[in-house]
Amino acid sequence: QVQLVESGGGSVQAGGSLRLSCAASGYTYSNRYMGWFRQRPGKEREGVAYIYVGGGRTYYADSVKGRFTISQDNAKNTVYLQMNSLKPEDTAMYYCAGSTSPTMRPEFYTYWGQGTQVTVSS
């Protein structure tokens, strides 16, 4: 009964910015942690950031600290990922997902969006 839909991806030059959105519908009470993951072709999915939707606590992977910001709009039931100073290595399919625990391990996330592509060129 939970549906997550990502949007906001696209192509950008290195140093540019994008804001990804994840709109959630359905019952999400059990998914108190919303995470952003990314996956490059042939590689395993890796965690980017998560946020505790009940209190705003956040976590960032070392690779994106200082450049990415995760946030939420409870009224719109939406989680965002503001990506600044983008690098070519940020190129990936980005997914949002919901979990009951504070983790960046994808196996503990129950609900997943369809993904949105981010391509950064230099």
Side-chain angles (χ1 to χ4, degrees):
Q1 63 180 310
V2 175
Q3 183 172 319
L4 306 176
V5 179
E6 303 97 331
S7 62
S11 297
V12 65
Q13 296 290 324
S17 298
L18 288 171
R19 189 180 76 161
L20 307 184
S21 299
C22 175
S25 61
Y27 181 69
T28 59
Y29 177 80
S30 62
N31 302 301
R32 305 309 304 271
Y33 296 87
M34 296 297 298
W36 283 98
F37 294 79
R38 63 187 182 186
Q39 188 169 21
R40 307 193 69 170
K43 306 298 182 181
E44 292 189 6
R45 198 163 296 185
E46 64 173 334
V48 174
Y50 71 68
I51 186 168
Y52 177 60
V53 299
R57 299 196 309 274
T58 59
Y59 168 88
Y60 298 94
D62 288 343
S63 59
V64 305
K65 282 182 180 177
R67 300 188 298 121
F68 291 10
T69 303
I70 189 169
S71 62
Q72 61 178 313
D73 184 338
N74 286 2
K76 297 184 180 297
N77 211 17
T78 299
V79 177
Y80 303 95
L81 185 68
Q82 178 67 46
M83 305 185 296
N84 298 325
S85 302
L86 283 162
K87 304 175 180 180
E89 52 263 44
D90 295 319
T91 295
M93 185 73 76
Y94 283 72
Y95 300 88
C96 67
S99 177
T100 60
S101 59
T103 179
M104 281 274 82
R105 297 187 182 276
E107 58 264 38
F108 294 119
Y109 280 76
T110 303
Y111 302 100
W112 293 85
Q114 84 289 350
T116 186
Q117 178 68 39
V118 171
T119 302
V120 184
S121 60
S122 61

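Since this is a predicted model, take the numbers as computed values, not measurements.
Note that OG1 of Thr78 and CD of Gln72 are 10.0 Å apart. Values are rounded to the nearest 0.5 Å. Distance check, rounded to the nearest 0.5 Å: CZ of Arg67 to CD of Gln82 gives 12.0 Å. The distance from the OH atom of Tyr111 to the CG atom of Leu4 is 9.5 Å, given to the nearest 0.5 Å. Distance check: Ser21 OG to Leu81 CG gives 9.5 Å after rounding to the nearest 0.5 Å. Rounded to the nearest 0.5 Å, atoms CD1 (Ile51) and CZ (Arg32) are 11.5 Å apart.
Every residue two or more places apart in sequence or in another chain that forms a side-chain contact (heavy atoms from CB on, under 4.5 Å) with Thr116 is listed here: Glu6, Leu20, Tyr94. Applying the salt bridge (charged side-chain N to carboxylate O under 4.0 Å, His left out) test to Arg105 and every residue at least two apart in sequence or in another chain returns nothing. With sequence neighbours left out, the salt bridge (charged side-chain N to carboxylate O under 4.0 Å, His left out) criterion links Arg45 to no other residue. For Phe37, the ring-ring contact (aromatic ring centres under 6.0 Å, His included) partners are Tyr109, Trp112, not counting sequence neighbours. With sequence neighbours excluded, the residues satisfying side-chain hydrogen bond (donor to acceptor under 3.5 Å, both in side chains) with Asp62 are Lys65. For Glu46, the salt bridge (charged side-chain N to carboxylate O under 4.0 Å, His left out) partners two or more places apart in sequence, or in a different chain, are Arg38. Under the rule for a ring-ring contact (aromatic ring centres under 6.0 Å, His included), Tyr95 has no partner lying at least two apart in sequence or in another chain. Scored by the salt bridge (charged side-chain N to carboxylate O under 4.0 Å, His left out) test, Lys43 finds no partners at all (sequence neighbours excluded).
Considering all non-hydrogen atoms of both residues, Ala92 and Arg40 come closest at CB-CG, 3.9 Å. Nearest heavy-atom pair across Thr119 and Gln117 is OG1-NE2, 3.5 Å.
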Using residues 8-19 as the side-chain source, report each donor-acceptor pair under 3.5 Å to any protein atom, sequence neighbours left out, with the distance given to one decimal.
{"residue": "Gln13", "atom": "OE1", "partner": "Ser121", "partner atom": "OG", "Å": "3.4"}
{"residue": "Gln13", "atom": "NE2", "partner": "Ser121", "partner atom": "OG", "Å": "3.2"}
{"residue": "Ser17", "atom": "OG", "partner": "Asn84", "partner atom": "OD1", "Å": "2.8"}

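No path of Ile, Leu, Val, Met, Phe, Trp and Tyr side chains, each step under 4.5 Å between heavy atoms, connects Met104 with Tyr80, placing them in separate hydrophobic clusters.
Remark: the backbone N or O of Ser101 is paired with a side-chain donor or acceptor of Ser99 at under 3.5 angstrom. Between the side chain of Asp90 and the backbone N or O of Lys87, at least one donor-acceptor pair lies under 3.5 Å.
Enclosure of atom CD in Glu44 is not indicated, since only 12 or fewer non-hydrogen atoms of other residues, nucleotides or ligands lie within 6.0 angstrom.
Listed by first and then second residue, the disulfide bond (SG atoms under 2.5 Å apart) pairs that reach into residues 70-111 are Cys22-Cys96, sequence neighbours excluded. Pairs engaging residues 50-61 under the side-chain hydrogen bond (donor to acceptor under 3.5 Å, both in side chains) rule: Tyr33-Arg57 [sequence neighbours left out].
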> Step by step, would you call Ile70 with Val79 a side chain to side chain contact (heavy atoms under 4.5 Å, CB included)?
Replying inline: CA-CA 7 Å; Ile70 189 169; Val79 177; 3.8 Å; yes
